[in-house]
2 protein chains.
Amino acid sequence: MTRISMKDIARELGVSIATVSLVLNGKDKDGRVGKEMAEKIRRKAKEMNYEPNNLARGLRIGVSNTIGLIVADISNLFFANLAFHIQEQAEKFGYSVIITNTNESNLKLEKMITILKNKLVDGFIIVPTEHGESLIQNLVKRNMPVVLIDRYFPNLNVSSVIVDNYNASKKALRCLINQGCRNIGLVIYKSDLQHMLDRKKGYVDELQNAGLYNPALIKEINYSSITDDITIAMESLLSRENEVDGIFFATNTLSMLSIKYMLDMNIKLYEEIKVVCFDKSDAFDFTSLHISYIQQPIAEMGTNAVGLLVEQMKRKSVERKEDEIKIVELQTFLMNVL
Amino acid sequence: MTRISMKDIARELGVSIATVSLVLNGKDKDGRVGKEMAEKIRRKAKEMNYEPNNLARGLRIGVSNTIGLIVADISNLFFANLAFHIQEQAEKFGYSVIITNTNESNLKLEKMITILKNKLVDGFIIVPTEHGESLIQNLVKRNMPVVLIDRYFPNLNVSSVIVDNYNASKKALRCLINQGCRNIGLVIYKSDLQHMLDRKKGYVDELQNAGLYNPALIKEINYSSITDDITIAMESLLSRENEVDGIFFATNTLSMLSIKYMLDMNIKLYEEIKVVCFDKSDAFDFTSLHISYIQQPIAEMGTNAVGLLVEQMKRKSVERKEDEIKIVELQTFLMNVL
DNA sequence: CTGAAAGCGCTTACAG
DNA sequence: CTGAAAGCGCTTACAG
């Protein structure tokens, strides 16, 4: 079966392709095309099962109505949810979304950007990787609409949607302190990404305020050797001399692996050690575990990112030049299951 | 900044666009283009930062190197993982993947198919919705390469990748019976989709073999009123007169909600009621919960789906007509945490 | 109110 | 070994 094109409809009806195009794009009002003609064309199009070829349309008008979404790991529930909401929102504006994955690899980020650019996406929403700054920079230089999400580069002039990571950490720590914890550990990725630095700083500041800061209780995990590093970190935190009575986990993956370790060691959460995690896991619904967590407004993050991007894409086509960079910083919620 | 095209390179070098195209597509070997010329073109292309326009290429050769993946719910970890593996595998064959979501809605499935077709994806991998049979049928009629995954329609002539749901259920039930359960409940979606019917049949058959079948212990949940229905179902299963000592949950979402309910009710898993779930959740790593589960070979499912699809897409371009429909049925694993 | 024509960026026979 | 030309399906001034 071969696809029906405008040409086929035009031939069938003995009219020009131009007329068909006008009608099928709804530009027949304003008296551009006769009423009966328009009706005839529409009927024929439906009858022949016409479907527009968006590739051709895109080539001609230089727009694909597609957004490229690049996340760090689609199999992480946080990003999966983010993707979900971004897609829902994009659809409302008539955009489809191509989702791709970097697995936290800078190389892959570069590759994904190239692939997507060559498919002519109209803009990008990106969860950038560590050291991915220059790749983003390039995109911006070339006037590509871009919005960063979840993570951002403070030195880069790029619209971004993030949460207030610093205060999220502070909230988490205050919660632990209020519950009587005095020796509170931190499990976090070793990373230069700003959102990690912010989470760390929130931890440090809040503990220093309380006169409880002890740098030995900060455990930095390498993403590439995560299992081993967590074992080492937890062994240290759980050793008797540290007297740790609370731990803050800076990401959901770190939480899950560490809590599993603790349960395997028969540690009683809450009674022996209180914990706060970044992000929710399904597991926390099992209330018997007494796990508090920082909840990010995922839907809002997605909506905002799409909003900012759509704005940029419009602006570009109207050729305005004011570079309105916006950093949207959303607040998190401390969900206390106790 | 305006994109560099082949024309720009050709003009700059005083050669024809055709020559540039040949070189940049690696067709300059076989003595089609002079060695120095080819080198010059390649150097210039790099220097000018040329990047191919795949829209134009796709329009010309009728191929987009893009696969449309339609899942039922990207925020469900099972589908997120599936998407991840499909993408990894597709990339190996040079395809990018557009992921979209139906939210189990038939209407949305139709919309997504239309959108993707108009973007000229070369083929589809689809997790179909209930009653979505005719939509898939249409795609096949139009000679579109399609592979169904996770779910399939027995009456439809479409390649599909599924797991052996019937035997998965049987395994789960045997496990519960062997552990001494005598009154075993089933929590499953009310659905005509074959994979659900298979899971149900496995449950029924295995219990009948053991002389333990009791239809009153089957609870069918409506996707649209899931929370309420689960509450009602669990209340009934946990009521004293039923003496339920084991439950099989037919999907991951049903598992999570039901187990949460049980924990809220202070039911001791394993000691009071033993459970087996379909699919793993992060939560099960918390071994203290004693939850067994059926593990699906997600990566293998993804790999197989891409393989079947690529085969179809190739076949189509060579215009062969043997309709080689393949149903790949993979085996699951019963993961017993005890 | 409708049509002829150019062109988006590319590929592919066909000539030479 | 290289170029001129047609055409993929569409949109958009421009004529009339």
Side-chain angles (χ1 to χ4, degrees), chain A residues 1-42 44-45 48-66 117-122 317, chain B residues 1-42 44-45 48-66 117-122 317:
Chain A
M1 219 221 50
T2 158
R3 260 179 107 89
I4 300 298
S5 74
M6 287 187 174
K7 188 156 63 170
D8 299 320
I9 300 177
R11 192 190 323 105
E12 200 84 358
L13 253 38
V15 300
S16 80
I17 304 180
T19 308
V20 175
S21 171
L22 284 178
V23 172
L24 262 28
N25 284 301
K27 295 184 180 159
D28 55 316
K29 298 295 159 192
D30 8 312
R32 315 260 266 108
V33 178
K35 216 169 166 188
E36 333 73 72
M37 179 82 286
E39 211 29 68
K40 233 164 66 180
I41 290 175
R42 257 189 280 273
K44 194 52 136 185
M48 298 179 75
N49 252 318
Y50 170 74
E51 278 170 355
N53 179 333
N54 281 344
L55 238 50
R57 181 161 200 276
L59 178 58
R60 180 56 232 242
I61 67 179
V63 152
S64 68
N65 285 318
T66 305
K117 252 198 321 200
N118 297 355
K119 292 212 184 268
L120 289 196
V121 300
D122 298 337
S317 52
Chain B
M1 219 221 50
T2 159
R3 260 179 106 89
I4 299 298
S5 75
M6 287 187 175
K7 187 157 64 170
D8 298 320
I9 300 177
R11 192 191 322 105
E12 199 84 356
L13 253 37
V15 299
S16 80
I17 303 181
T19 309
V20 174
S21 171
L22 285 179
V23 171
L24 263 28
N25 284 301
K27 295 185 180 157
D28 54 316
K29 298 296 157 189
D30 8 311
R32 315 261 264 108
V33 177
K35 216 171 165 183
E36 331 73 75
M37 180 81 288
E39 210 29 69
K40 233 163 68 181
I41 290 175
R42 258 188 280 272
K44 194 53 135 184
M48 297 178 77
N49 252 317
Y50 170 74
E51 278 169 355
N53 179 333
N54 281 344
L55 238 51
R57 180 161 201 277
L59 178 58
R60 179 58 230 243
I61 65 179
V63 152
S64 68
N65 285 317
T66 305
K117 253 199 322 202
N118 297 355
K119 291 213 184 267
L120 289 198
V121 299
D122 299 336
S317 53

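Not measured: the values here are computed from a predicted model. We name chains A, B, ... by the order of the sequence lines, and we start the count at 1 in each one.
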Determine whether [X] and [Y] make a side-chain contact, defined as any pair of heavy atoms from C-beta on separated by less than 4.5 Å.
X	Y	result
B/Ile4	B/Glu51	no
A/Val15	A/Ile9	no
B/Leu59	A/Arg57	no
A/Lys44	A/Tyr50	no
A/Lys40	A/Glu36	no
A/Ile41	A/Met37	yes

Rounded to whole angstroms, how far apart are [atom1] on [X] and [atom2] on [N]?
X	N	atom1	atom2	answer
A/Ile17	C/dA6	CD1	C1'	13 Å
B/Leu24	C/dC10	CG	P	9 Å
A/Leu22	D/dC14	CG	P	15 Å

Ignoring backbone atoms, test whether [X] places a side-chain nitrogen or oxygen under 4.0 Å from the OP1 or OP2 oxygen of [N].
X	N	answer
B/Ser16	D/dA4	no
A/Thr19	C/dG3	yes
B/Lys27	C/dT12	yes

Query raised in the report: Under a 3.5 Å cut-off on both pairing distances, which runs of 3 or more consecutive Watson-Crick or G-U pairs involve DNA chain D?
Result: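 Stem list for DNA chain D: C:1-3 with D:14-16, C:5-12 with D:5-12, C:14-16 with D:1-3.
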Query raised in the report: If you look at every heavy atom in A/Asp8 and A/Arg3, which pair is closest and at what distance?
Result: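 A/Asp8 and A/Arg3 have their closest heavy atoms at OD2-O, 3.8 Å.
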List every contact pair, protein side and nucleotides 7-9 of chain D side both N or O, where the distance is under 3.5 Å.
{"unit_1": "D/dG7", "atom_1": "N2", "unit_2": "B/Arg60", "atom_2": "NH1", "d": "3.0"}
{"unit_1": "D/dC8", "atom_1": "O2", "unit_2": "B/Arg60", "atom_2": "N", "d": "3.4"}
{"unit_1": "D/dG9", "atom_1": "N2", "unit_2": "A/Ala56", "atom_2": "O", "d": "3.3"}

Query raised in the report: So what does B/Asn54 touch, heavy atoms closer than 4.0 Å: a base, only the sugar-phosphate, or nothing?
Result: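 Counting heavy atoms under 4.0 Å across all strands, no contact is made by B/Asn54.
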Query - Proximal nucleotide (of C/dT2, D/dT11, D/dG3) relative to the B/Val15 side chain - result: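 So the side chain of B/Val15 is nearest to D/dG3.
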Requested in this report: Kindly say whether A/Asn65 contributes a backbone atom to a donor-acceptor pair with the side chain of A/Asp122 at under 3.5 angstrom?
Outcome: yes
Query raised in the report: Would a distance-only check, ignoring hydrogens and angles, find a side-chain to backbone donor-acceptor pair under 3.5 Å from A/Thr19 to A/Ile17?
Result: no
Query - First encountered from the 5' end of DNA chain D, between A/Ala18 and B/Glu36 - result: B/Glu36
